[in-house]
Amino acid sequence: MRRFFVEELPSQGETLVITGSEARHILRVLRMGIGDRLVLMDRRGNRFQSRIESARGQEVTVLLEKRIPAPLESPVEIILCQALLKARAMDFVIQKASELGVQQILPFTSQRTVVKTGDDKPSARLRHWREIAVNASKQSNRARPPEVALPCSLPELVERWQDEEALKLVLWEDEKSQGLRAVLKEAARPRIIVGITGPEGGFRVAEVDRLREGGFASVSLGHRTLRAETAALTLVAILQYEWGDLHL
Ligand code: SAH
């Protein structure tokens, strides 16, 4: 059954009117009609099997027939802090990290960030990222899309996680003494993992020092220099495999 995210779900037995792009998608693209069933989900993990009651113009009225269970989310909460990348790479990271089940994506600016921020409207960009996260979550049948935040600075990031009980990692391309594998072997399964990955231009040493002071362990993914997006998604996949739900 096709799945759709909506802002608010009414109760079982009640109806909901869907408008806008979702309605257009249901009627025009999927060519669904009266009597067809679909799944409605909110962003908190509630789902209902629903049936189309009526459709006219750009409005679809659906009846919420019965509550259905949502798939479980990963037992580890992975927070991916990604230095801003060029638009396509950033979109790619957000899409794939959403599929891989991260709970939050926190973009941040760093000293070697190549993309210019400032000028384009942050709200438009955030809307675009959230839409990517929602679509990826729908496609991969997640209970909830990850949160995507407005970009912050690196010091703000450090401050935010200062007193948090979490495994805190920063992927550093110049790390020579500590590999991710060794860190994972030693740590017990954490509830929260905060993983930071750099921009196309990499990190400055001073930035890594600041992160270390803030309790982040700098780790290497081996001697090959990966593109930022490859590094980010490799980290998430390894963490989900090791401690999360990248298995049955
Ligand atoms: N321009 C830099 C490379 C930056 S790679 C250089 O030439 O040295 C972009 C980001 O991906 C890095 O900041 C880091 O977070 C991550 N990354 C890439 N390869 C990595 C590796 N082998 N180990 C750890 N992190 C890596």
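Both counts, for ligands and for their atoms, begin at 1 and track the order of listing. Count residues from 1 along the sequence.
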> Heavy atoms, side chains only, cut-off 4.5 Å: are S74 and Q240 in contact?
Replying inline: yes
> What pairs of residues pass the side-chain hydrogen bond (donor to acceptor under 3.5 Å, both in side chains) test when at least one of them lies in residues 27-38, not counting sequence neighbours?
Replying inline: R37-E65
Report all side-chain donor-acceptor pairs from residues 177-190 shorter than 3.5 Å, counting only partners two or more places apart or in another chain.
{"unit_1": "S177", "atom_1": "OG", "unit_2": "E175", "atom_2": "OE2", "d": "2.9"}
{"unit_1": "Q178", "atom_1": "NE2", "unit_2": "S218", "atom_2": "O", "d": "3.0"}
{"unit_1": "R189", "atom_1": "NH1", "unit_2": "W243", "atom_2": "O", "d": "3.0"}

Can you list every pair where an N/O of ligand 1 is under 3.5 Å from an N/O on the protein?
{"unit_1": "ligand 1", "atom_1": "1 (N)", "unit_2": "E200", "atom_2": "O", "d": "3.1"}
{"unit_1": "ligand 1", "atom_1": "13 (O)", "unit_2": "E173", "atom_2": "OE1", "d": "2.7"}
{"unit_1": "ligand 1", "atom_1": "15 (O)", "unit_2": "L171", "atom_2": "O", "d": "2.7"}
{"unit_1": "ligand 1", "atom_1": "15 (O)", "unit_2": "G198", "atom_2": "N", "d": "2.8"}
{"unit_1": "ligand 1", "atom_1": "19 (N)", "unit_2": "L226", "atom_2": "N", "d": "2.9"}
{"unit_1": "ligand 1", "atom_1": "22 (N)", "unit_2": "G222", "atom_2": "O", "d": "2.9"}
{"unit_1": "ligand 1", "atom_1": "22 (N)", "unit_2": "R224", "atom_2": "O", "d": "2.8"}
{"unit_1": "ligand 1", "atom_1": "23 (N)", "unit_2": "L221", "atom_2": "N", "d": "2.8"}

> Which class fits the ring pair F4 and H25: parallel under 30°, tilted 30 to 60°, perpendicular over 60°?
Replying inline: perpendicular
> How about T61 and I52: do any of their side-chain heavy atoms sit closer than 4.5 Å?
Replying inline: no
Using atom types as modelled, flag every donor-acceptor pair under 3.5 Å from a side chain in residues 191-200 to any protein atom, sequence neighbours excluded.
{"unit_1": "T197", "atom_1": "OG1", "unit_2": "Q82", "atom_2": "OE1", "d": "2.6"}
{"unit_1": "T197", "atom_1": "OG1", "unit_2": "Q82", "atom_2": "NE2", "d": "3.4"}
{"unit_1": "E200", "atom_1": "OE2", "unit_2": "K86", "atom_2": "N", "d": "3.0"}

